[in-house]
Amino acid sequence: ADKVKVGINNVVSDVVFHLGLERGIFAAEGLDVELIAFDSGPKMVAPLGAGQIDVGAGASSAGLYNAAARGINIKVVADKGSTPVHYDYMPLMVRKELVDSGKVKTVADLKGMRVGSVGPGAATNAKMAHLLAKAGLGYKDVNHTYIGYPQQIAAFTTGAIDAAISTEPSVTQAVNNGVAVRFVVDGYPNQQVAVLLYGGDFIAKRRDVAQRFMNAYVKSARIFNDATAGGKFDGKGADEVIKTIMRTTGLKDAELFKTMIPNGIDPDGKVDTQSMAEDLKFFTENGYLERPAKVSDVVDTSFADATLKALGPYKAAQH
Amino acid sequence: MARKSSLIGERFIGLLTPLLLLGLWEAAARMGLIDARFFPPPSSIVHTFGALVASGELWTNLVASLRRLFLGMLLGGVPALFLGLAMGISKPLRAAIDPLISATYPIPKSAILPLVLLIFGLGEMSKVVMVALGAFYPILINTVMGVANIDKIYLDVGHNYRASRWQVFRTIALPGALPSIMAGVKLAMGMGLILIAISEMVAASDGIGYMIWNAWQVLTVDTMYVGLLVIALLGFVFSVILDEIERMLIPWKAKA
Amino acid sequence: MARKSSLIGERFIGLLTPLLLLGLWEAAARMGLIDARFFPPPSSIVHTFGALVASGELWTNLVASLRRLFLGMLLGGVPALFLGLAMGISKPLRAAIDPLISATYPIPKSAILPLVLLIFGLGEMSKVVMVALGAFYPILINTVMGVANIDKIYLDVGHNYRASRWQVFRTIALPGALPSIMAGVKLAMGMGLILIAISEMVAASDGIGYMIWNAWQVLTVDTMYVGLLVIALLGFVFSVILDEIERMLIPWKAKA
Amino acid sequence: MAVVSMLNVKPSPAASAPPVQISMRGVRKYFGSSGFVAVDGIDLDIPQGQFFVIVGPSGCGKTTLLRMLAGLESVSEGTMKLNRTDPSRPENSMIFQGDSLFPWMTVYDNAAYGLRMRGVAEKDVAESVKLWLERIGLYRFRDRYPNQLSGGMRQRVSIVRAFANDPEILLMDEPFSALDEQNKMLLHEELLRIWEATKKTVVFITHSVDEAVTLGDRIMIMTANPGREKAIIDVPFARPRNVLELRHDPAYGDLVFHIWEQLRDEVQRARMNAEGGK
Amino acid sequence: MAVVSMLNVKPSPAASAPPVQISMRGVRKYFGSSGFVAVDGIDLDIPQGQFFVIVGPSGCGKTTLLRMLAGLESVSEGTMKLNRTDPSRPENSMIFQGDSLFPWMTVYDNAAYGLRMRGVAEKDVAESVKLWLERIGLYRFRDRYPNQLSGGMRQRVSIVRAFANDPEILLMDEPFSALDEQNKMLLHEELLRIWEATKKTVVFITHSVDEAVTLGDRIMIMTANPGREKAIIDVPFARPRNVLELRHDPAYGDLVFHIWEQLRDEVQRARMNAEGGK
Ligand SMILES: Nc1ncnc2c1ncn2[C@@H]1O[C@H](COP(=O)(O)OP(=O)(O)OP(=O)(O)O)[C@@H](O)[C@H]1O
Ligand SMILES: Nc1ncnc2c1ncn2[C@@H]1O[C@H](COP(=O)(O)OP(=O)(O)OP(=O)(O)O)[C@@H](O)[C@H]1O
Ligand SMILES: [Mg+2]
Ligand SMILES: [Mg+2]
């Protein structure tokens with residue numbers, strides 16, 4: 001079997017890889033997949049560029065474009081987490097107290113407030129900018145504070161932040177803890193957030209293995225889509241998928257999944273280049289890029305296209 | 001006899017203080033003085049601890065971390081010891097290397113973790129190297145200081161008896177600096193534990209650090225505290241062991 | 001005269017070694033022996049450095065970090081010094097607190113950062129506290145060791161002249177432990193720089209740590225190296241300053 | 001408390017006998033877990049104002065006894081009492097055997113140590129320290145650190161430190177051993193002059209029988225290890241004594257010879273012990 | 001190199017005169033940036049096998065001179081040469097003034113230090129150390145650490161350390177100052193016996209004029225600071241000497257008195273200096 005090293009973040013959306021492993025989908029393609037956990041996407045870039053790992057579960061971010069500009073050959077090859085309607089796993093959260101007291105009724109009320117975000121140059125910031133713009137605010141009309149997702153719950157609790165674009169399962173935990181509410185859901189549909197990345201060597205020197213990996217990946221993605229039809233963890237085979245998630249992430253509370261919103265993942269692996277282009281504009285305007293860049297610099301859809309040809313389009317499972 | 005029983009007495013006082021603090025915490029958590037969602041009462045942590053022990057999960061992680069810790073301590077500590085002794089004895093060597101040490105020491109290890117991964121790969125080696133980096137500096141700095149502080153008369157005796165460089169190392173610099181070196185080893189052990197935790201957050205699938213990080217990600221607060229508790233216990237146990245080793249290595253102080 | 005010129009000579013050797021290493025790095029990067037994408041040649045880093053200085057960005061971040069660093073060093077170092085002196089003199093106090101120290105020291109500061117944020121908020125205080133936590137332990141441990149290692153005869157003299165506890169502190173424990181305390185301060189300064197970098201990665205909008213982390217996030221590698229370089233330079237400068245302070249505080253060694 | 005008052009009401013044997021300043025009953029000292037006996041059953045009363053000298057073979061427990069007096073070493077068995085006569089002055093000051101100067105203080109600061117610990121005004125400290133350093137010939141070295149002094153100079157500074165402190169009791173452990181004989185003689189004279197003026201109680205350890213007889217009122221000869229009282233000898237010479245003239249007195253030679261002989265026996269016994277133990 | 005061979009070919013002044021082992025020409029020593037002069041222009045030749053004694057007031061530079069001989073202190077001006085006669089043995093061993101035992105070694109390990117540094121087989125080390133420790137009466141204390149010894153016992157251990165090393169030249173800096181007179185006398189006899197048997201070159205510092213005259217072939221009296229040669233005196237007594245009998249020789253008393261007087265002048269001059277500098 002061909003060895004493939006995959007960098008993951010041990011988040012909920014990484015379940016596609018675990019499904020592929022557990023259900024023998026990778027093995028069936030003759031792949032021996034090893035999953036390696038990283039504590040953040042950016043830490044994966046160097047090993048991916050240096051060929052220490054072949055595949056990465058990364059994020060669409062300014063870093064990708066800068067990496068490309070430095071000659072670090074990494075390509076976005078498929079969707080790994082996006083927000084089609086009903087799948088907004090990254091909603092705008094607002095501190096409950098502010099909503100209850102009526103201080104914040106619309107996004108426009110956030111003017112001058114403290115907003116948490118996970119880091120500079122992240123797609124979530126572009127989303128925030130998008131939401132603010134819709135409410136007539138500029139990106140700089142709120143105060144930005146960088147703070148990781150799990151810490152955001154703590155920050156909501158102490159009132160250190162007023163709003164944030166957060167992610168699951170932190171969102172559901174914050175809601176269940178009664179410290180924040182989902183304030184805007186589906187405010188920026190179809191944003192490309194998490195992506196599947198291939199290292200340059202993997203693409204150039206092991207094309208065949210890379211293609212087989214894509215085939216298996218898309219198969220897994222379809223299982224996930226079956227289980228999360230309609231934006232809820234109650235589709236076909238949802239219970240097994242939930243078990244896998246709990247086992248691999250260490251989440252202990254099955255109740256969470258009743259209200260948790262799953263991430264979208266295109267059942268054909270398609271990358272939403274349109275939202276990426278819009279986000280790139282945001283990165284450029286805010287000075288995150290060292291050099292001007294184009295979306296096509298970092299995207300290679302040839303593998304997903306070939307897989308689609310081989311497997312045929314996704315047909316939603318019957319319940 | 002007297003010494004023994006006072007030793008036991010000291011150990012006893014030493015256990016009392018932490019227990020007292022834990023008791024306070026428990027009471028505060030129960031009475032709602034602190035936010036039990038983030039600072040759960042120790043009893044609930046102990047409960048989770050039991051569950052993790054029962055499942056064998058804790059043990060696996062512990063063994064993985066300990067292995068990395070020991071290898072890293074060796075890899076960082078031994079060169080630090082020898083380099084430190086050499087720098088303590090030789091002024092020119094010290095002048096040449098000191099600035100390099102003080103410039104590289106404060107470079108945040110967490111920031112260069114990606115570079116370490118790049119150089120040493122994603123496997124065990126990079127984690128061991130991280131621990132080694134952490135252990136290296138305190139042992140080196142304390143060894144240099146310890147040697148530099150040895151009363152000059154002892155070095156004079158060594159030179160008068162034509163001790164070779166290596167003999168001066170072994171018979172004067174090392175034993176003379178030993179108390180200071182042991183303080184350095186204690187600091188290094190703590191640093192090692194900190195760095196093992198940091199480096200296991202990347203490219204690891206086991207270890208106490210992995211466990212803590214994972215628990216933060218999904219906010220299973222109790223598990224996280226178990227991880228912190230285990231590290232604290234390790235720190236305590238190691239310090240008791242190191243104290244014992246110190247007592248054995250430095251008999252001329254103990255018997256006074 | 002002789003001492004002065006040898007001091008200058010030593011400084012010179014001390015600068016030579018790092019410059020040599022930088023030269024090697026430059027050559028290796030240019031000849032493609034190391035991956036210049038991740039280890040860009042120093043010349044290119046210096047270039048970025050110049051740009052960041054020119055834009056004033058570096059200066060703003062530097063000032064922010066230095067402020068936190070100094071406040072944190074004070075907040076952690078002063079209590080560590082006094083507690084350390086007290087523990088060095090009083091055996092029961094030492095027995096009571098030692099285990100607590102060895103258990104809390106290895107708790108990874110990065111793992112409890114969220115808790116620190118919870119307690120001290122997202123503002124300056126949490127960053128200062130992180131630095132203070134880092135500075136506290138090395139100074140404490142080295143002070144305790146330094147005092148415990150003072151030749152017993154000096155304490156005998158103190159007692160014979162009926163020095164009060166405070167006087168024993170001031171006239172014997174403190175000066176006697178000073179070399180060891182200074183080694184602790186050096187270690188603490190390094191730790192402080194490390195922790196300032198770690199804590200500025202969360203909930204900060206300026207500071208060298210912020211700059212480094214930011215650069216990693218968006219992969220502006222040169223900027224990241226500038227950040228690391230600045231920290232290294234700070235480490236070097238502080239150690240030179242601390243050496244100078246040591247020379248002043250410990251004249252009885254210098255004049256020997 | 002009760003003991004002290006009892007001592008006070010007890011009728012003195014001779015009308016003018018000074019009160020007892022130091023009293024020991026069955027004082028023993030063991031060391032460590034091995035139970036090595038360093039001092040074995042000393043009974044002794046030293047009246048206020050007496051110049052008491054201890055001689056004995058090396059390792060017999062002289063220093064240990066003095067350290068117990070100073071309260072620096074616990075008494076394993078028996079009782080040891082120091083009675084105060086003038087609570088305004090410090091009880092005792094010790095001149096330690098060997099180096100005991102603080103390496104981190106200059107000669108001046110070392111000499112001023114005791115006075116400063118007592119909170120004496122800096123002006124008075126300066127006066128007293130200057131006086132003493134001049135007497136002992138070290139005033140021009142006042143800004144040096146101990147490691148810049150010779151062995152004898154260091155010893156002289158530690159003498160100044162104790163004397164400047166003006167205690168009730170002076171405990172002196174071979175204070176003159178590293179000094180040349182001329183300095184020693186000058187200091188003998190100085191010491192006698194001061195002692196006669198202030199009538200301090202002095203406990204003085206020496207290896208020099210000449211020194212013992214020249215200076216002391218009473219001399220205790222100790223046995224080799226374990227240290228016991230072998231003999232106590234009263235020195236009959238009148239005060240004030242002239243250090244040089246004394247040596248021409250035939251009684252002086254006899255006394256020195258007598259003590260010398262007793263000591264020789266002890267040293268030989270100590271040798272025997274050592275060889276027996278091999 | 002050239003110098004050494006020149007020395008070798010030079011015809012000896014007297015046919016049987018032993019070769020010069022130590023030669024100093026204009027040796028000066030300044031300390032630190034202040035330029036304090038500790039030793040000021042010493043010219044001296046010490047023949048092989050001579051027992052050379054240095055006396056002088058406290059702080060006159062004796063220790064400094066000895067440390068320069070041992071190579072532990074640089075010579076600020078002038079030349080100092082030690083000529084080897086037997087390269088198989090160590091050149092010199094020093095008995096330091098004051099404490100110099102390693103606190104982290106037992107009595108035994110301290111005593112064995114020199115031999116071990118030379119790589120002597122452990123069996124031979126054991127034999128030699130045992131012999132010496134027994135001679136000096138400390139064999140039963142061999143497992144103790146220095147802080148468990150009395151001052152005199154520590155001094156005796158450091159004597160053993162130097163003697164066991166069997167060097168060509170013995171440098172002794174007040175080796176007997178912390179010893180009781182009986183131990184001192186025993187050691188004097190021992191030292192003379194060994195010296196007569198081995199004919200080592202000895203440079204010996206003492207404050208005791210008796211000790212100097214009893215032991216020495218030649219005595220250098222040094223001036224008070226800065227240390228210069230005041231006089232060099234040949235000791236006329238025949239060898240082997242009996243330590244006790246010697247004292248009854250009237251020539252002995254005269255010599256002691258003569259040296260004593262010269263020393264007293266120096267000490268007084270030193271006092272004057274000190275007061276002049278205040
Ligand atoms: N490291 C030093 N720095 C400055 N001065 C020094 C140093 N060492 C010694 N001295 C000075 O040099 C002089 C000679 O010192 P040395 O120790 O040689 O005297 P000594 O003859 O051995 O006296 P003693 O009989 O008291 O031991 C003294 O005045 C001393 O203060
Ligand atoms: N801390 C200790 N532990 C064990 N034994 C000790 C300790 N201190 C002293 N001794 C022993 O007690 C005995 C008496 O020692 P002490 O120092 O009182 O002798 P001393 O009469 O002052 O001798 P010297 O004239 O050589 O100074 C010695 O045999 C010594 O080895
Ligand atoms: Mg003694
Ligand atoms: Mg001397």
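All heavy atoms count here, side chains included; hydrogens, waters and symmetry mates do not. Order of the sequence lines fixes the chain letters, A, B, ..., with proteins taken first and strands second; residue numbering starts at 1 for each chain.
- At a 4.5 Å heavy-atom cutoff, D:Asp99 makes no contact with chain E through either its backbone or its side chain.
- Looking at E:Arg154, neither its backbone nor its side chain comes within 4.5 Å of chain D, counting heavy atoms on both sides.
- Relative to the ring axis of D:Phe31, E:Arg144 does not place its NZ or CZ within 45° and under 6.0 Å from the centre.
- Chosen from D:Arg264, D:Glu181, D:Glu266, D:Met153, the residue pairing most often with chain E at heavy-atom distances under 4.5 Å is D:Glu181.
- Residue E:Gln97 touches chain D through its side chain alone, counting heavy-atom pairs closer than 4.5 Å.
- For E:Thr63, no part sits under 4.5 Å from any heavy atom of chain D, backbone or side chain.
- The line from OG of E:Ser177 to CD of D:Glu174 is 8.0 Å long, rounded to the nearest 0.5 Å.
- Taking CG from E:Asp180 and NZ from D:Lys62, the interatomic distance works out to 6.5 Å, rounded to the nearest 0.5 Å.
- In this structure, chain D has no heavy atom under 4.5 Å from any part of E:Leu149.
- Neither the backbone nor the side chain of D:Leu133 comes within less than 4.5 Å of any heavy atom in chain E.
- Annotation for E:Phe257: atom CZ does not count as buried by contact number, only 12 or fewer foreign heavy atoms lying within 6.0 Å.
- Of the atoms belonging to E:Ser58, heavy atoms from both backbone and side chain fall under 4.5 Å from chain D.
- Put simply, of E:Thr206, E:Asp173, E:Ile136, E:Thr64, the one with the most heavy-atom pairs under 4.5 Å next to chain D is E:Ile136.
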